[in-house]
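Please read the structure below before turning to the comments.
So that the names make sense, note that chain A is the first sequence line, chain B the second, and so on, each numbered from 1.
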There are 2 protein chains.
Amino acid sequence: MVIGGRRSGRPTLEEVAARAGVGRGTVSRVINGSPRVSDHAKAAVEAAIAELGYVPNRAARALAGNRTDAIALVIPEAETRLFAEPYFSDIIRGVGAELADTDMQLLLTLLRTPKERQRFAQYLTAHRVDGVLLASVHEDDPLPDLLEQLEMPTVLSGRRSDLESVSYVDSDNVGGARSAVAHLLGLGRRSVATITGPLDMYVARCRLDGYRQAVEGAGLLHDNALVAAGDFTEEGGRAAMRALLERRPDVDAVFAASDVMAGGALQVLREKGRRVPDDVALIGFDDSAIARHTDPPLTSVRQPIEEMGRTMARVLLEEIAASTATRRHVVLSTELVRRESA
Amino acid sequence: MVIGGRRSGRPTLEEVAARAGVGRGTVSRVINGSPRVSDHAKAAVEAAIAELGYVPNRAARALAGNRTDAIALVIPEAETRLFAEPYFSDIIRGVGAELADTDMQLLLTLLRTPKERQRFAQYLTAHRVDGVLLASVHEDDPLPDLLEQLEMPTVLSGRRSDLESVSYVDSDNVGGARSAVAHLLGLGRRSVATITGPLDMYVARCRLDGYRQAVEGAGLLHDNALVAAGDFTEEGGRAAMRALLERRPDVDAVFAASDVMAGGALQVLREKGRRVPDDVALIGFDDSAIARHTDPPLTSVRQPIEEMGRTMARVLLEEIAASTATRRHVVLSTELVRRESA
DNA sequence: TTGAAAGCGCTAACAT
DNA sequence: ATGTTAGCGCTTTCAA
């Protein structure tokens with residue numbers, strides 16, 4: 001078709017315009033759903049598009065429109081090992097589902113080494129994504145602040161603290177944990193242990209707080225021997241359960257800060273010949289709005305987490321839309337002028 | 001900075017050139033590592049880049065260079081539910097690791113509905129990725145053929161058949177299964193069952209073949225009651241194990257076509273009070289080059305699968321490089337001229 | 001409502 | 001070895 005071999009052979013907007021007998025601007029308007037097009041022109045353009053099998057070139061669009069139509073799902077360092085846990089795959093599925101009828105692309109970014117984080121910071125600076133979904137935030141993670149500085153639309157799963165300044169989607173961790181433990185206490189259990197998540201994560205501390213509140217609310221003394229640290233993994237749950245059984249063989253109930261850890265604990269309990277829930281009652285926090293009671297059976301109800309993924313994506317898309325609007329708007333306000341020329 | 005507010009404020013190649021006192025071409029050459037640059041010019045450009053904090057604009061690059069610097073990892077329909085299995089996360093980690101020091105981006109594409117497949121086909125046609133990694137291929141999947149038609153660099157994990165025409169990374173499924181089952185037979189077991197994968201996948205059929213070869217090679221009769229169909233999931237493994245125990249309570253060994261299914265089978269065996277491996281020996285196929293013997297312990301060795309992911313990415317990058325070269329080359333040959341004008 | 005025209009920032013061909 | 005130039009395909013003013 002073309003000597004240079006550079007042209008891909010696919011029809012361009014210009015060709016569509018020619019075929020439809022209109023100008024390029026009109027075609028662009030039709031593609032982008034502008035209302036300022038006559039029905040007649042619109043029909044002609046749509047016909048031409050169909051006949052030619054035209055598909056807009058994303059790179060050209062990104063270049064001209066200064067956006068990328070892509071968002072990044074970032075999974076930081078330590079978490080890549082958790083990647084196999086249902087939590088992440090559910091989040092991903094939810095995000096994917098929400099994005100399915102958008103033309104946003106999902107970029108998966110695993111940040112293992114500091115070097116990779118560095119590179120990613122560059123990505124962001126280069127504005128190669130329109131927004132960021134940040135999973136599993138630890139308290140000292142510098143990424144949210146960077147994102148905020150760059151005014152990059154961002155949604156966290158969980159938050160760094162009570163005062164989180166960035167958008168997030170989170171569960172009622174304190175309340176859920178409290179109600180779960182209250183349930184165990186209501187069963188008449190008196191040596192209720194907990195397997196926590198990594199305590200540098202706010203979500204984990206909240207669940208521990210909920211546990212404490214319930215225990216103390218029942219007039220019981222808080223006993224550190226009943227608290228074992230986990231890391232949200234099944235293996236962590238097993239280790240913690242072993243530790244608990246060793247320290248307090250009389251334990252008669254366990255609240256695990258994650259579902260997966262409850263699964264690990266269950267294995268160990270069975271291994272040691274404990275009956276669940278008769279001998280030891282077990283509950284795992286499911287990340288849905290309330291704790292899920294795993295006694296008697298430990299079945300999986302994953303829809304809720306997937307739903308969180310959907311929500312994250314939805315919120316992010318809104319933020320992106322808003323930020324675009326803002327940017328456009330602020331061009332007229334003194335504030336942005338200041339910011340732009342800074 | 002700019003009235004229209006469209007400029008992002010980031011330095012452009014042109015500004016770098018000005019600062020370095022060279023032409024734009026030279027800057028481009030330096031960025032792209034061309035050898036045709038004097039050390040002096042190179043140093044000046046690099047200094048300017050550092051001072052300005054210049055980062056190339058990917059969209060502009062993609063538009064001008066007719067490439068995207070992105071590859072898609074595609075996980076089809078049925079598999080999204082398997083997403084939580086270690087297999088996928090390991091593949092993803094491997095791919096991610098291999099891409100880490102490239103500037104390729106990883107697009108995650110979950111294809112659940114026919115509509116999503118349709119959309120993805122458009123993506124491909126629009127050349128929005130430079131290459132595709134296709135996970136978990138079923139025999140009747142039309143995607144590989146589409147990819148081939150489009151001359152899109154592609155690597156499959158597994159293959160559709162013995163005659164696979166697209167690049168793939170696969171294990172020695174027949175041999176691995178055979179050796180695993182031979183091992184069980186060597187232990188003196190005589191009622192060796194197998195839990196298969198979905199039989200519309202070549203990989204699953206190969207493992208079943210290996211099982212058969214070993215059984216028949218030992219002079220035993222193949223008994224269909226000893227074959228239970230699974231789907232590579234833990235739940236599938238549990239169901240299959242239950243079926244096997246019902247049909248052949250005398251089963252004294254099981255070869256599961258996947259690690260995860262072996263895990264499920266183990267749960268059921270323990271539930272039913274069978275001793276593993278004394279009463280029933282159990283082996284799961286680990287997708288690394290050979291089967292992993294899970295008797296006595298069922299430990300996870302995941303590095304190999306991650307390695308498969310790395311390999312897939314590496315091969316794909318090579319294919320992409322080659323295809324670029326080919327395209328360039330073929331511009332000179334009659335063949336492409338024909339193809340281009342077709 | 002619509003066409004024309006000016007870029008967006010870069011790569012690659014061309015001419016030195 | 002290096003500067004210059006012509007696009008890549010689109011969005012977005014600006015006129016009309």
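Applying the 4.0 Å criterion to OP1 and OP2 of C:dC8, one finds that B:Asn57 has every side-chain N and O outside that range. A close approach under 4.0 Å does not occur between any side-chain nitrogen or oxygen of B:Thr12 and OP1 or OP2 of C:dC8. In this structure, A:Thr26 does not reach the C:dT2 phosphate: none of its side-chain N or O atoms is under 4.0 Å from OP1 or OP2. OP1 or OP2 of D:dT11 lies within a sub-4.0 Å distance of a side-chain N or O belonging to A:Ser28.
With values rounded to the nearest 0.5 angstrom, B:Arg93 atom CZ is found 8.0 Å from A:Leu110 atom CG. Distance check, rounded to the nearest 0.5 Å: CG of B:Leu147 to CE of B:Met152 gives 6.5 Å. In this structure, the separation between CD1 on B:Ile75 and CG on B:Leu111 is 10.0 Å, given to the nearest 0.5 Å.
Residue A:Asn32 contributes atom CG, which lies 16 Å from atom C1' of C:dT2 at whole-angstrom precision. The separation between B:Arg67 atom CZ and D:dC8 atom C1' is 13 Å, rounded to whole Å. Going from atom CD1 of B:Ile31 over to atom P of D:dT2 covers 15 Å, rounded to whole Å. A:Asn66 places its CG atom 17 Å from the P atom of D:dC10, with the value rounded to the nearest Å. Atom CZ of A:Arg61 is separated from atom C1' of C:dC10 by 20 Å (rounded to the nearest Å). Put simply, CZ on B:Arg58 is 13 Å from C1' on C:dC10, counting in whole angstrom units. The distance between atom CG of A:Leu63 and atom C1' of D:dG9, rounded to the nearest whole Å, is 9 Å. Rounded to whole Å, the distance from CG on A:Leu13 to P on D:dC8 is 13 Å.
Among the atoms of the strands shown, only primed sugar atoms or phosphate atoms (P, OP1, OP2) are found under 4.0 Å from some heavy atom of A:Ala41. Residue-level contact check: A:Arg36 touches the bases, meaning some heavy atom is under 4.0 Å from a base atom.
Each of A:Leu316, A:Leu73, A:Ile71 was evaluated against A:Leu99; a single residue qualifies, A:Ile71, per the side chain to side chain contact (heavy atoms under 4.5 Å, CB included) test.
Contact check for B:Arg119 versus A:Asp103: side-chain heavy atoms found under the 4.5 Å cut-off.
Take the nearest nucleotide of DNA chain C for A:Pro35 and for B:Glu14: the residue whose nucleotide is more 5' is A:Pro35.
Between the base of C:dG3 and the side chain of A:Arg29 there is a donor-acceptor pair shorter than 3.5 Å. Remark: the B:Arg24 side chain and the D:dT4 base include no donor-acceptor N/O pair separated by less than 3.5 Å.
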